[in-house]
Amino acid sequence: MRFQQIKDLLLYLEQVHHQLGLGYGRLMAQVDGERSRLLLAYLQQREEAAKSQLDDYLGELGEGVKETWLERGFSEDLLPGIRRLSLPAKAQTQDIVQLVCRQEEKLIGELSHLARECPTEETVRLLGGLAEQEQTRLTRLVHGAHRLDDL
């Protein structure tokens, strides 16, 4: 993915979160454990909320920032991997958290790398902020999953 505008990148991020939500919904039918299904249902809602938040954020951005061109986009398309997500029927919450961590770390890494290469200070802050936001979401998920395991 090369030469794209910030608005297109944000629309792509919306697609990523939407596809993750669909994937977690699909995985609910594959796992046997009640806790695993509860965690996947939570993850599905979490991704739809992230998609909605990005949509709102895109609406609030100034036209100058939206129209800024990036010389490169993500180094890999995340969507095919998301569509292939799978878990064994006996998957435990830690297996699900590991799966989520791998997906989130790819996204955080791509956003962080793009932020370092942005042409303007505004876009550096924007993409850096999105990477930090994703990292915060991941940290909260890991802590929440540990609390779920403690119950």
Side-chain angles (χ1 to χ4, degrees), residues 1-28 35-36 38-87 91-150:
M1 301 170 83
R2 295 188 50 79
F3 295 106
Q4 65 180 355
Q5 292 178 304
I6 290 288
K7 66 181 177 185
D8 295 329
L9 178 67
L10 291 176
L11 290 172
Y12 176 75
L13 290 174
E14 284 183 30
Q15 283 183 317
V16 166
H17 286 293
H18 179 69
Q19 287 299 317
L20 281 169
L22 292 176
Y24 297 143
R26 185 177 40 79
L27 291 174
M28 274 191 283
R35 284 182 184 219
S36 296
L38 284 172
L39 179 56
L40 287 164
Y42 165 75
L43 290 168
Q44 184 178 29
Q45 293 171 350
R46 174 182 176 262
E47 295 306 325
E48 286 305 314
K51 178 189 173 289
S52 177
Q53 185 179 19
L54 277 169
D55 187 47
D56 293 344
Y57 191 61
L58 182 60
E60 295 170 5
L61 272 182
E63 286 302 314
V65 175
K66 282 186 201 180
E67 303 296 325
T68 301
W69 282 90
L70 300 172
E71 285 188 28
R72 68 176 226 53
F74 283 12
S75 61
E76 88 175 88
D77 186 2
L78 302 177
L79 295 175
I82 291 170
R83 291 183 186 112
R84 290 190 303 265
L85 291 178
S86 65
L87 286 168
Q92 300 296 311
T93 56
Q94 66 268 19
D95 301 319
I96 296 168
V97 170
Q98 286 177 345
L99 177 78
V100 173
C101 285
R102 283 192 300 272
Q103 296 303 311
E104 293 283 335
E105 286 167 358
K106 285 181 195 176
L107 183 57
I108 292 164
E110 292 286 351
L111 285 170
S112 297
H113 189 259
L114 279 179
R116 289 189 298 270
E117 295 184 2
C118 280
T120 67
E121 197 59 39
E122 271 186 296
T123 54
V124 169
R125 281 193 307 273
L126 168 72
L127 294 179
L130 289 173
E132 287 177 21
Q133 184 178 17
E134 292 292 340
Q135 183 63 56
T136 300
R137 289 177 69 239
L138 179 57
T139 302
R140 287 180 181 157
L141 171 68
V142 171
H143 289 284
H146 287 304
R147 284 196 303 266
L148 179 64
D149 285 340
D150 290 341

> Would a distance-only check, ignoring hydrogens and angles, find a side-chain to backbone donor-acceptor pair under 3.5 Å from D56 to Q53?
Replying inline: no

> Step by step, would you call H17 with L107 a side chain to side chain contact (heavy atoms under 4.5 Å, CB included)?
Replying inline: CA-CA 10 Å; H17 286 293; L107 183 57; 4.0 Å; yes

>> Let me confirm one number: the CD1-CG distance from I6 to L58, rounded to the nearest 0.5 Å.
In response: 10.5 Å

> Step by step, would you call L43 with R46 a side chain to side chain contact (heavy atoms under 4.5 Å, CB included)?
Replying inline: CA-CA 5 Å; L43 290 168; R46 174 182 176 262; 4.0 Å; yes

>> How long is the straight-line distance from OH of Y24 back to CG of L99, given to the nearest 0.5 Å?
In response: 6.0 Å

>> Distance check, rounded to the nearest 0.5 Å: R125 atom CZ versus T123 atom OG1?
In response: 9.0 Å

> Is there side-chain contact between I82 and K106, with at least one heavy-atom pair below 4.5 Å?
Replying inline: no

>> Whether the side chain of S52 engages the backbone of E48 through a donor-acceptor N/O pair (distance < 3.5 Å, no angle test) should be reported.
In response: no

>> So V16 and Q103, do their side chains get closer than 4.5 Å, heavy atoms only?
In response: no

>> I'd like to check T68 versus E122 (side-chain heavy atoms, cut-off strictly below 4.5 Å). Are they in contact?
In response: no

> How long is the span from the CZ atom in F74 to the CG atom in L13, to the nearest 0.5 Å?
Replying inline: 4.5 Å

>> So, taking the atom named CG in L9 and the one named CG in L111, what distance separates them when rounded to the nearest 0.5 Å?
In response: 6.5 Å

> Strictly by modelled atom types, are H18 and E47 linked by a side-chain donor-acceptor pair under 3.5 Å?
Replying inline: no

>> Measuring from atom CG of L78 to atom CG of L20, what distance do you get when rounded to the nearest 0.5 angstrom?
In response: 8.5 Å

>> Between Q5 and E67 (side chain of the first, backbone of the second, donor and acceptor by atom type, cut-off under 3.5 Å), is there such a pair?
In response: yes

> So V100 and L40, side chain to side chain contact (heavy atoms under 4.5 Å, CB included) or not? Walk me through it.
Replying inline: CA-CA 10 Å; V100 173; L40 287 164; over 6 Å; no

> Considering residues at least two apart in sequence or located in another chain, which fulfil the salt bridge (charged side-chain N to carboxylate O under 4.0 Å, His left out) criterion with E63?
Replying inline: K66

> Tell me, do L10 and K7 make a side-chain contact under 4.5 Å, heavy atoms counted?
Replying inline: no

>> Please give me the minimum heavy-atom distance between A145 and V97, naming the atom from each residue.
In response: CB-CG2, 3.3 Å

>> Looking at S112 and G109, would you say the former's side chain and the latter's main chain have a donor-acceptor pair under 3.5 Å?
In response: no

> What pairs with E134 under salt bridge (charged side-chain N to carboxylate O under 4.0 Å, His left out), at least two apart in sequence or on another chain?
Replying inline: R137

>> If you compare all heavy atoms of C118 against all heavy atoms of V124, which two are closest, and at what distance to 0.1 Å?
In response: CB-CG2, 3.5 Å

> Does the side chain of L61 reach to within under 4.5 Å of the side chain of L126, using non-hydrogen atoms?
Replying inline: yes

>> Just to verify, what does E117 make a salt bridge (charged side-chain N to carboxylate O under 4.0 Å, His left out) with, not counting sequence neighbours?
In response: R72

>> Please give me the minimum heavy-atom distance between Q44 and G21, naming the atom from each residue.
In response: CG-O, 3.3 Å

